[in-house]
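Quick caveat: nothing in here was measured; it's all calculated off a predicted structure. Lettering of chains follows the sequences in order, A, B, ..., and the numbering in each one begins at 1.
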Amino acid sequence: MDYNFNEIEPKWQQYWRDQKTYHVENNSEKPHYYVLDMFPYPSGAGLHVGHPLGYIASDIYARYKRLQGFNVLHPMGYDAYGLPAEQYAIQTGQHPAKTTEQNIRRYREQLDKIGFSFDWDREVRTCDPEYYKWTQWTFLQLYNHYYDNEQGKARPISELVAKLEKGEQRTESGKSWGEMTEKEQQDYLMNYRLAYLADIPVNWCAELGTVLANDEVVNGLSVRGGYPVERKLMRQWSLRITAYAQRLVDGLEEVDWSESLKEIQRNWIGRSEGAAVWFPLDVKSNENVLPGAQAYMQQVNPQPVPSFEIFTTRPDTIFGVTFMVLCPEHELIDQITTPEQKAEVEAYVTWAKNRSERERQAEVKKVSGVFTGAYAINPLTEEKIPIWVSEYVLAGYGTGAIMAVPAHDSRDFAFARHFNLPIRQVVSAEKDVVSDPATWTESLDAKSGWSVNSGFVTGMKVKEAMAAVIDKIEKMGIGHRTVNYRLRDAIFSRQRYWGEPFPIYYKDGIATPIPEESLPLLLPEISEYKPTATGEPPLGHADNWAWDEEKCQVVNKSLIDGKKVFPLELSTMPGFAGSSGYYLRYMDPHNDKEYFSKEAVGYWRNVDLYVGGAEHASGHLIYARFWNKFLHDIGLSVVEEPFQKLVNQGMIQGRTSFVFRSKEDKNLFISKNLIKNPDDVSPIRVDINIVDNDILDTERFRQWRPEFADARFELEDGKYVCGWEIEKMSKTYYNVQNPDDLVARYGADTLRMYEMFLGPVEQSKPWDTKGIEGVFRFFKKFWRLFHDSDNTLCVSDEAPSNAELKVLHQTIKKVTEDIERFSFNTSVSTFMICTNELATLKCNKRTVLEPLTILIAPFAPHIAEELWHLLGNGETVCNAQWPKFNEKFLVEESFKYPVSFNGKMRFTMELPVDCTQEDAVAAVKASPEAQKWMAGKEPKKIIFVPKRIINIVC
RNA sequence: GCGGAUGUGGCGUAAUUGGUAGCCGCGCUAGACUUAGGAUCUAGUUCCUCACGGAGUGGGGGUUCGAGUCCCCCCAUCCGCACCA
């Protein structure tokens, strides 16, 4: 064995540990660079080959930057709170801390084998009290701040109180601040705090026994586990992330992220511009039922006549309104419904409210609704329009009421058709072309064209009409320009055990923070991880879970007296709490006085490069941006956007292998290409470990499962060929490729290089072990450049030839450019070409090979380190200097030594515009430069275009 | 339905950024050395054709001296959102 990775890799991994090679200090003369990976949740299944993909890419970049002379922060940690550990605890009674600890140890072992350059001294774990102290601390800061819309940033809640005391800010109820009771004041402030408690409709998952955030629910099912989720009104902690909606949209302009990811975030925030308009109720036609409604509406809106507020993005279509629709939850329904319609409306509202999210979403296309009997007045046309109630209007968006323009909104159109309501065209695609909407099969929704039948805006383009209508509405005092966001506040409570406790206790029903000095508030031990018999969250089982205000400490809850000792909050924080600020903590992970010091954040600023999966687009990446913006407002983080450049690595899918069992004979398995009719066989997934290049190891297959012991095979050319399909990598599909096995067989360097060679980092691709042999072969060849056939070092100090130098400098140039563009697959190719060419040239010159070990060090650190030392260098290749390429060998010298990367050489010279092929050939042959370049050889082919020659193939 | 992305040999991919396709690797074919090889080396490998030659980057059109690359229209696949007024 010549290239012995089994010996090399553990040796240098130990060396790096001993020498603390990757230890990073917070101050340096060198420029700083921060490379971060999304830290993993340590699941019980361990790593599969998909996990390290991003880590390898970021490690290459971090090592490269270090060689370029940067002080590089490249940390790793664990997102250790989470549902699986708790579910496991419920089933087995094992403390989640214990399983988490075990899983972390396994992850660390696996990571270490791959040779990453993490500074493990900076490791953080979200479940560590040293760490979650600062998660709790940030929560208290959020609780103690509100968003000041005038200054456009978070300010201490005490400033708001001061304004209220001075009477500078009116309270909505009309009571002055001084007249309010303590409880009323606190309730009032809750409407402003950035972390607040409120009764809100939440996503309740009965199976998991907890509420979930919007991004944790997909199609009415929980992301974890896939259990049904229903809407329920509950008193929950929330984060007022909506206050930052505009800044979250604007900030996307500042960062270097992929367009698709920015787009996902923009859609999630869902900014839409439009107008809010008051539609007055038609009082005359409703007089008999309206005294209550009138009083109510006069109270909630400043209009002289009782009115409904609607939101629209198409104010230009206001002349086409033929009815109004309220959501079933709308508070005015009861008041306006006429006695004749009452029974029907109530039945509908009850039915709608009891439907689950899933039912609603599954039946989106079904039209339902009911007429209230009441009418409103279109404020511009003064027409009387009927008011309906329907599910398709959502309570959570806008005002829960819409003006319906069936001609120009497909949902309104469907509704109008179903209930036979009038449809009126007010926009035409081409100027002045109108038709009878009765003949339409669909509405004209596009925000383009011209207004028709629209009073004073008739003839205007849609865009102008929008502006004109809003101006008019504002002048009339019945509405205004406004912006709406789809983004909702983030629900922050979880009815779980394994998460950060809230540093909050309840004094006379008022949420009260525990003093900052008493943090962290430790997660208590409990006997059982399930909810309590009374339906309280698991923390209800904790005996030591009450707060003694005098002693400032946690005490047994039997001591609760309502005077000094009070109950503590029973829910815990969600997963995204701990992951929202971890990148800042890495800067100063052992600081017990502050979240992180001003010096540390002043030096590192923000993450320069963040690598991770795109699945966090609408979760973690929004929450972290919000978190960071808040910390920026209160003067902690120095850059508003936390992640400057973001690279999303693609998912690695599994390639599942199948055997085909005959339906007639249970013991007969037919090779893929011998199947006559697919219906005659049933495909069965087989473990990819007993399949090699789609060829089944029939012996091992018989041993794999008892039921296959008597298997017989119909072979082609003596082989059993399996079928395959690309699926998610999962244990149950037997298609999981474990990195440890590959490291054992080929070494970490080969695994690293091969994962990069697979294709662009950003692309999702199936795992396929086939090609790894090629990379392994490359390393053996590379090793042989330095060694004789008897495996002794054979590097010479002779001066290299220009041909050799040309190969080296081309490699330096190409690899440097590739790393900068994050195109690691092409760098691997470059190394292979370089090695092949040097082997052909029989190059063994130190001045060529030594820089090469540095170039390959980011990709294959172990072999690079070994060769570096074999060449007689001390210290570590990790601190070497990245070689610079010399143009001389790329341009001038290439004339003499036309070694080329793709078998073609390029030569450019000026030619007349009307030059023919013959003229060009003659001109080339006559040119001294070209002659020099071709070095006496005859050109085989000259490809030219007017003005210049492109390729000359010798 | 809306939004985003992608489409190149048997397969993963590359293409000097608009320059005359298929680099590198896998696989395959032939050969060499070998007791043997799933080791190593050499040559070949887009397709059609014995060959000459021709076709060719999902399909169709366009711009250009020149298009895998730019523009328009389809088709297919993947991802995200989904009654958001």
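Looking only at side-chain heavy atoms (C-beta outward), A:Arg486 and A:Ile269 stay at 4.5 Å or farther from each other.
A:Leu758 comes within 4.0 angstrom of the backbone, heavy atoms only, and of no base. At the heavy-atom level, A:Leu394 lies under 4.0 Å from base atoms of the strands shown.
Glycosidic conformation of B:rU45 is anti; the angle lies outside 90° of 0. Against the 90° criterion about 0, the sugar-base torsion of B:rG56 places it in the anti range.
Rounded to whole Å, the C1' atom of B:rC78 lies 28 Å from the corresponding atom of B:rG18. Rounded to whole Å, the separation between the P atoms of B:rC50 and B:rC33 comes to 33 Å. Comparing the P positions of B:rC24 and B:rG44 gives a spacing of 11 Å, expressed to the nearest Å. For the P atoms, the distance from B:rU64 to B:rG9 is 29 Å, rounded to whole Å. One P atom belongs to B:rA21, the other to B:rA67, and the distance between them is 11 Å to the nearest Å.
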Which side-chain N or O atoms in residues 749-761 of chain A pair as donor and acceptor under 3.5 Å with protein atoms at least two apart or in another chain?
residue: A:Asp749; atom: OD1; partner: A:His862; partner atom: N; Å: 3.4
residue: A:Asp749; atom: OD1; partner: A:His862; partner atom: ND1; Å: 2.8
residue: A:Asp749; atom: OD2; partner: A:Ile863; partner atom: N; Å: 2.8
residue: A:Thr750; atom: OG1; partner: A:Tyr746; partner atom: O; Å: 3.1
residue: A:Arg752; atom: NE; partner: A:Phe859; partner atom: O; Å: 2.8
residue: A:Arg752; atom: NH1; partner: A:Asp59; partner atom: OD2; Å: 3.0
residue: A:Arg752; atom: NH1; partner: A:Ile114; partner atom: O; Å: 3.2
residue: A:Arg752; atom: NH1; partner: A:Gly115; partner atom: O; Å: 2.9
residue: A:Arg752; atom: NH2; partner: A:Asp59; partner atom: OD2; Å: 2.8
residue: A:Arg752; atom: NH2; partner: A:Pro858; partner atom: O; Å: 2.8
residue: A:Tyr754; atom: OH; partner: A:Asp768; partner atom: O; Å: 2.4
residue: A:Tyr754; atom: OH; partner: A:Gly771; partner atom: N; Å: 3.4

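Nucleotide B:rG9 has no partner under the Watson-Crick or G-U criteria, as no pair reaches both atom distances under 3.5 Å.
The separation between A:Met753 atom CE and B:rG12 atom P is 22 Å, rounded to whole Å. Following rounding to the nearest Å, A:Glu762 (CD) and B:rG4 (P) show an atom-to-atom distance of 19 Å. Atom pair A:Lys765:NZ and B:rU77:C1' shows a separation of 18 Å (rounding to whole Å applied). Rounded to whole Å, the distance from CZ on A:Phe779 to P on B:rU40 is 15 Å. Per the geometry, OH belonging to A:Tyr746 stands 14 Å off C1' belonging to B:rA39, to the nearest Å.
Checking B:rC24, B:rG80, B:rA14 against every side-chain atom of A:Ile264, the shortest atom distance belongs to B:rG80. The listed nucleotides are B:rG4, B:rA85, B:rC41; the one nearest the side chain of A:Lys781 is B:rC41.
Remark on RNA chain B: of its neighbouring residues A:Gly771 and A:Glu263, the 5'-side contact belongs to A:Glu263, judged by nearest-heavy-atom nucleotide.
The closest donor-acceptor contact from the side chain of A:His408 to the backbone of A:Val426 lies under 3.5 Å. Checking side-chain atoms of A:Arg625 against main-chain N and O of A:Leu248 turns up a donor-acceptor pair under 3.5 Å.
Ring centers of A:Phe778 and A:Phe776: at least 6.0 Å apart, outside the cut-off.
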